[in-house]
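In what follows, chains are A, B, ... by sequence order, proteins preceding strands, each numbered from 1.
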Amino acid sequence: MRDYTELEKIRLAKLERLRAAGQEPYPTRAERSHTSAQALAEYAQHPPADTHTAAGAYTVAGRIKAIRVMGKSAFVHLEDGAGRLQLYFRTNDLGEERYRLFQDVFDLGDFVQASGGLFTTKTGEVTLWVKDFRMLAKAISPLPAAKEEIVDGQKRVYSAFDNPEARYRERYADLAVNAEVREIFRARARICSALRKFLDGQGFLEVETPILQPLYGGAAARPFVTHHNQLHQDLYLRISFELYLKRLLVGGLERVYEIGRDFRNEGVSFKHNPEFTQLEFYWAYADYEQVMRLTENMIAFVADEVLGTRTLTYQGQTLNLNPGWPRVPLAEGIAEFAGVDIHAHPTAAGLLRAMEAKGIHADPKSTRGKLVEKLLGDFVEPHLIQPTFIVDYPRDISPLAKARPGDDSVVERFEGYMAGFELCNAFTELNDPLDQEQRFIEMGRDYAADSEDTHPLDEDYLRAMRYGMPPNGGFGMGVDRLTMLLTDKATIREVILFPHLRSREE
RNA sequence: GGGCCGUUAGCUCAAUGGCAGAGCAGGUGCCUUUUAAGCACUUGGUUGGGGGUUCGAGUCCCUCACGGCUCACCA
């Protein structure tokens, strides 16, 4: 038996008192004729002649958010999924005994059902004049209490439940108490719907590919490992969808996408959660130029659908999401912001010397591609506030992308940036099985040089490609990051319902 | 993994090394159109855990746990 707090013991006693009075604290069924918003809308459309007398018949259900008792009457705020509605309880209407029952055993956080007509109070709030009420679910533990006040139309919250750790660990309490948190996840759902609507409209097919994979690939990340008992087989949780989605192009599905979970066994930060939601699509006969245009249109479409505008404020910065993002070759961006001409330094050693000359220090074992990435991340990325495509990446950090015709050292790849961080990554996909095999082998060498684990070589993927893969453009985007941007949240944990936290001993 | 900061009542926060407090929530009263309702009284603490210094530790030191920020890592 667990230890209840003093506050919980008081509520347990109230629960017993409710039972003693013949009311079930957790009845099986509830009734509801109107949501709070429906009731208010109906009243507004057909206001009674005398607004101070209860009119109509409404039954509402929801959670008690505020109680103001004044002797023999009480005002209560009820919150449901649509909003809130004030309830008015009065001894005259309910009788001494029922009124006392309400006053004595109904608490903040309880789910209740109430019926009556609507009227307008002296202070102008449309309110349900309660003729009947009952408990729907008694709350034993008090929700983190917050108080709200409306000052000049602005909501002010006092003693808000805002300790991040507590909010993430008890997200249910966070959601119950902080209405704006519920809005984040409504927006998130609309973002996913808008992405699907856009891609479906472009003739893409939504598919599902394995999360448990015998080999992992498609990105540079350490995987989570798990085990199938009966098959005596170790399996990896996928780090990307790429290699499976491209197998589908081999199979003749020309436009496919997947929205789902990726798992990366790496550091946690304001923009990294160990599991995160990714959108990837692959588009046969398209190249990265077409994918760029589709990307701009997709982001603008989502902004229209979710925000109703293409201008948004992110952490105090105004972002313009209209299509027509600048295309900045990676080498130009680095030249501008880091003052290093990477074209002039085709070898890792040469580039490293050029960087050292600028006072930029890097791991001397880095490949040239790694050095270029460091320059991009440290010097260019922070400047990319407005939506920008950085294009044309070094071949050795892009093993699944196709080389640029006429320049083997550069691949047709772009990354979309805004607000100073990477949003998406895409390329003209490599579809030459012999080149792909060579790249995999090169990557293995690079990993060895970096003293990382050797990346597994996916033979089955090469077999698929040998059957013939149409030329195609592919795309990947972090849906969590897009949600951060559109909801103006500074950390990924705010847009994931249950972000990963270290376990805590009870 | 490193650095810095933090953890005090259900929630939000105070407290020169010297009696652990406030507001809200809770309880008991008063109050039949309130809205952070109001008024009076009042309960509530292993100050994250453990160890140390000290006559005396929420406060200083060590250590562990968890979190925040940041750096590193993240083709």
Side-chain angles (χ1 to χ4, degrees), chain A residues 4-11 13-14 52 65-77 84 86-94 99 104 107-109 119-125 127 129 139 141-151 155-170 173 177 217-222 239-240 264-272 274 363 366-370 372-374 377-378 393-401 411 413 422 425 427 439-440 442-444 446-447 450 452 455 490-491 493 499 501-505:
Chain A
Y4 288 101
T5 65
E6 189 183 347
L7 296 178
E8 288 169 335
K9 284 173 185 161
I10 289 165
R11 286 177 173 225
K14 290 177 175 182
H52 296 294
K65 298 292 285 198
I67 301 178
R68 292 179 291 280
V69 173
M70 283 159 305
K72 299 200 162 44
S73 74
F75 286 94
V76 166
H77 267 120
R84 57 168 47 190
Q86 185 169 251
L87 311 180
Y88 182 45
F89 292 78
R90 217 175 59 145
T91 306
N92 297 25
D93 308 306
L94 299 165
Y99 180 80
D104 291 350
D107 286 304
L108 296 180
F119 76 110
T120 305
T121 63
K122 255 190 215 169
T123 51
E125 182 162 353
T127 299
W129 200 310
S141 305
L143 283 168
K147 282 237 169 190
E148 294 171 5
E149 180 187 26
I150 311 288
V151 178
K155 190 161 87 171
R156 247 196 251 169
V157 182
Y158 302 84
S159 300
F161 180 50
D162 66 359
N163 177 280
E165 179 179 0
R167 286 181 47 233
Y168 303 144
R169 285 192 194 281
E170 299 194 18
V177 155
R222 287 171 210 256
I239 59 171
S240 89
R264 297 190 181 174
N265 207 338
E266 281 162 6
V268 176
S269 81
F270 75 94
K271 52 182 176 177
H272 299 271
D363 183 349
S366 297
T367 62
R368 181 172 179 278
K370 286 260 192 191
V372 170
E373 262 190 339
K374 180 177 173 59
D378 290 358
Y393 282 68
R395 180 182 188 269
D396 68 303
I397 52 170
S398 313
L400 300 162
V411 294
R413 171 179 174 188
E422 179 193 339
N425 179 21
F427 23 92
R439 302 278 200 100
F440 278 159
E442 284 174 21
M443 286 314 289
D446 276 349
Y447 268 94
D450 227 348
E452 296 271 356
H455 212 64
T491 88
R493 291 181 292 271
L501 296 177
R502 226 179 280 259
S503 305
R504 200 168 195 181
E505 288 169 38

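- At a cut-off of 3.5 angstrom, the base of B/rU33 holds no donor-acceptor pair with the side chain of A/Ser73.
- Taking the C1' atoms as reference points, B/rC66 lies 15 Å from B/rG50, given to the whole Å.
- Here the separation of B/rU8 from B/rA15, taken at their C1' atoms, is 10 Å to the nearest Å.
- Here A/Leu108 pairs with A/Arg11, A/Ile64, A/Ile67 under the side-chain contact (heavy atoms from CB on, under 4.5 Å) rule; sequence neighbours left out.
- For A/Gln86, the side chain to side chain donor-acceptor pair (under 3.5 Å) partners at least two apart in sequence or on another chain are A/Arg68, A/Thr127.
- Among residues two or more places apart in sequence or in another chain, the side chain to side chain donor-acceptor pair (under 3.5 Å) test is passed with A/Tyr88 by none.
- Checking B/rC74, B/rU34, B/rG67 against every side-chain atom of A/Glu266, the shortest atom distance belongs to B/rC74.
- Side-chain N/O atoms of A/Arg493 include one lying less than 4.0 angstrom from OP1 or OP2 on B/rG68.
- For A/Arg395, the salt bridge (charged side-chain N to carboxylate O under 4.0 Å, His left out) partners are A/Asp435, A/Glu442, not counting sequence neighbours.
- Two residues are said to be in side-chain contact when any heavy atoms from C-beta on lie closer than 4.5 Å; A/Ser240 and A/Arg264 meet this criterion.
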Could you run down the sub-3.5 Å N/O contacts of the protein with nucleotides 41-47 of chain B?
unit_1: B/rU43; atom_1: O2'; unit_2: A/Glu6; atom_2: OE2; d: 3.4

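- Both A/Thr491 and A/Thr120 lie close to RNA chain B; mapped to their nearest nucleotides by heavy-atom distance, the more 5′-ward contact belongs to A/Thr120.
- Shown here are the side-chain contact (heavy atoms from CB on, under 4.5 Å) partners of A/Thr91, two or more places apart in sequence or in another chain: A/Lys72, A/Glu96, A/Tyr99.
- The side chain to side chain donor-acceptor pair (under 3.5 Å) check on A/Ser73 picks up nothing, with sequence neighbours excluded.
- Scored by the side-chain contact (heavy atoms from CB on, under 4.5 Å) test, A/Glu422 finds A/Glu415, A/Tyr417, A/Asn425, A/Arg481 as partners (sequence neighbours excluded).
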Sub-3.5 Å pairs of nitrogen or oxygen atoms, protein against nucleotides 10-13 of chain B:
unit_1: B/rC11; atom_1: O2'; unit_2: A/Ser159; atom_2: O; d: 3.1
unit_1: B/rU12; atom_1: OP1; unit_2: A/Asn163; atom_2: N; d: 3.2

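- Across B/rC74, B/rU33, B/rG67, the shortest atom-to-atom separation from the side chain of A/Arg169 is found for B/rG67.
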Can you check nucleotides 3-6 of chain B for protein contacts, nitrogen or oxygen pairs under 3.5 Å, and list what you find?
none

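- Rounded to the nearest Å, the gap between the P atom of B/rG6 and that of B/rG10 is 22 Å.
- Between B/rC61 and B/rA75, the distance separating the two C1' atoms is 46 Å to the nearest Å.
- Side-chain N/O atoms of A/Arg68 include none lying less than 4.0 angstrom from OP1 or OP2 on B/rA36.
- The backbone N or O of A/Ile397 lies less than 3.5 Å from a partner atom in the side chain of A/Arg413, making a donor-acceptor pair.
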Once Watson-Crick and G-U wobble pairs under 3.5 Å are found, how is RNA chain B written in dot-bracket notation, 5' to 3', with | for any base paired to another strand? (((((((..((((....[..)))).(((((.......))))).....(((((..]....))))))))))))....
Pull out every protein N or O sitting under 3.5 Å from an N or O of nucleotides 27-29 of chain B, one pair per line with the distance.
unit_1: B/rG27; atom_1: OP1; unit_2: A/Lys14; atom_2: NZ; d: 2.5

